[in-house]
Colleague: 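Before we start, here is the structure in question, set down as structure tokens.
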Amino acid sequence: MRVPLLDLTRQHERVREAVASRVQAVFESQQFILGQAVADFEKAFCDFTGCAHAVGMSSGTDAELAIFMAMGLGPGDAVVTTPYTFFSTAGCIHRVGAEPVFVDIDADTLLMDAEKLRRYLAEQCRRGADGSLLSARGNRIRAVIPVHLFGACCAMDALGEVASAFGLPIIEDASQAIGSEYAGKSGRVAQAGTFGDFGFFSFFPTKNLGAAGDAGMAVCRDGKSAETLRQVRNHGMTRQYLHESVGGNFRLDAIQAAVLQAKLPLVAEWNAGRRRNADFYRAELGGLSDYVQLPTEPWKADGVENHHIYHQYVIRADRRDDLLRHLAAAEIGHAVYYPVPLHLQECFAYLGHQTGDFPEAERAAKETLALPIYPELKEDEAAAVTAAIKAFYRA
Ligand SMILES: Cc1ncc(COP(=O)(O)O)c(C=O)c1O
């Protein structure tokens with residue numbers, strides 16, 4: 001049976017009318033740039049996520065870039081993130097002229113390891129004459145970006161403690177984590193994007209909440225930063241044609257806002273559908289623990305309902321590349337996120353990293369693969385996925 005990795009046409013059947021009527025309303029208003037549709041979606045997004053302020057952006061990448069510009073990041077600065085993430089997390093650091101600094105991931109969760117972050121900051125950085133924390137290359141460390149990769153939140157208590165001990169703000173890359181929850185030590189359950197000083201989301205069409213093109217959101221805690229982000233996304237304009245600073249055109253399109261507004265009420269249900277599929281995979285593949293490591297669910301024990309939103313269902317597999325070939329032959333959709341960790345990308349060769357620098361990221365890149373997990377996956381399709389994997393290891 002052919003099982004696609006993702007089939008968005010099934011989602012479209014469900015949202016066709018809601019999307020069409022909201023998009024039609026934008027056409028009737030002829031207000032395509034910012035305006036009510038964008039403001040309405042920003043408000044709905046804050047209501048859903050619990051974020052204090054949300055500023056609609058043209059993509060997740062542009063949201064990240066706008067945050068850096070709002071913070072005044074540039075040459076002489078450095079930002080710490082993980083080498084095991086989508087390219088743009090680190091690409092944006094480079095684009096503002098700052099230094100991308102990597103710390104390795106945790107072997108089980110595949111997320112930024114708080115203890116490795118602490119060791120890096122304590123042991124490999126030094127204080128400059130003005131007291132600022134300097135990377136080994138001599139750049140001022142300005143922020144830490146944990147990435148809630150694949151839909152589970154990073155250990156925000158532990159990361160927050162390390163970051164605040166070193167006086168560093170946190171910028172959450174929540175691109176893959178809309179609706180994902182985490183219970184901090186205080187017991188308060190909160191969603192991705194609400195823990196850091198800033199955060200950003202992607203609405204790339206394949207995300208759990210996907211636009212009909214590129215779109216993203218920057219979020220922040222305080223109103224002043226939100227105001228700066230609004231200026232940065234609109235050429236740094238404070239009043240019509242008056243520019244106190246240089247920004248860009250990072251505006252969320254009104255039509256994309258309308259599409260997202262139509263889909264937002266379904267995100268919780270879709271996230272639950274993905275978790276149901278994950279439960280099925282766990283029940284079916286649990287017996288293959290000699291060969292396959294299923295995704296960890298680090299916050300499930302805390303009784304958090306949305307402890308994982310399974311943007312991707314990523315397993316670690318023995319003989320991964322042979323399994324990929326087997327799945328391809330069986331027409332079972334699959335993908336590798338991500339085959340080359342960022343410290344080994346050609347464009348970052350100037351950072352001087354080598355194989356072995358971040359062994360867990362390198363191992364994850366070699367050993368993991370993603371399986372179909374979207375909420376509209378049918379039971380017999382999910383069963384075909386697990387049957388193909390069982391057949392491979394039991395052959
Ligand atoms: C972890 C992560 N960061 C950043 C981005 C960038 O988002 P966008 O594709 O909307 O620019 C993505 C999405 O692809 C992502 O998955």
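Side chains included, hydrogens not; waters and symmetry mates left out as well; all remaining heavy atoms used. Counting starts at 1 for both ligands and their atoms, following the listed order.
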Colleague: Check the side chains of Ser180 and Gln191 for a donor-acceptor pair under 3.5 angstrom, ignoring hydrogens and angles.
Modeller: no
Colleague: Is the gap between the ring centers of His307 and Tyr182 under 6.0 Å?
Modeller: no
Colleague: Can you produce the list of protein nitrogen or oxygen atoms under 3.5 Å from a nitrogen or oxygen of ligand 1, alongside each distance?
Modeller:
{"unit_1": "ligand 1", "atom_1": "3 (N)", "unit_2": "Asp173", "atom_2": "OD1", "d": "3.4"}
{"unit_1": "ligand 1", "atom_1": "3 (N)", "unit_2": "Asp173", "atom_2": "OD2", "d": "2.8"}
{"unit_1": "ligand 1", "atom_1": "3 (N)", "unit_2": "Ser175", "atom_2": "OG", "d": "3.2"}
{"unit_1": "ligand 1", "atom_1": "7 (O)", "unit_2": "Ser202", "atom_2": "OG", "d": "3.3"}
{"unit_1": "ligand 1", "atom_1": "10 (O)", "unit_2": "Gly60", "atom_2": "N", "d": "2.8"}
{"unit_1": "ligand 1", "atom_1": "10 (O)", "unit_2": "Ser202", "atom_2": "OG", "d": "2.7"}
{"unit_1": "ligand 1", "atom_1": "11 (O)", "unit_2": "Gly60", "atom_2": "N", "d": "3.4"}
{"unit_1": "ligand 1", "atom_1": "11 (O)", "unit_2": "Thr61", "atom_2": "N", "d": "2.9"}
{"unit_1": "ligand 1", "atom_1": "11 (O)", "unit_2": "Thr61", "atom_2": "OG1", "d": "2.5"}
{"unit_1": "ligand 1", "atom_1": "14 (O)", "unit_2": "Lys207", "atom_2": "NZ", "d": "3.0"}
{"unit_1": "ligand 1", "atom_1": "16 (O)", "unit_2": "Gln176", "atom_2": "NE2", "d": "2.8"}
{"unit_1": "ligand 1", "atom_1": "16 (O)", "unit_2": "Lys207", "atom_2": "NZ", "d": "3.3"}

Colleague: For Arg276, check salt bridge (charged side-chain N to carboxylate O under 4.0 Å, His left out) against everything at least two apart and list the hits.
Modeller: none
Colleague: Would His53 and Glu227 count as having a side-chain donor-acceptor pair, cut-off 3.5 Å?
Modeller: no
Colleague: Regarding Tyr84 and Thr368, is there a side-chain donor-to-acceptor distance under 3.5 Å anywhere?
Modeller: yes
Colleague: I'd like to know whether the aromatic ring centres of Tyr313 and Tyr281 sit less than 6.0 Å apart in this structure.
Modeller: yes
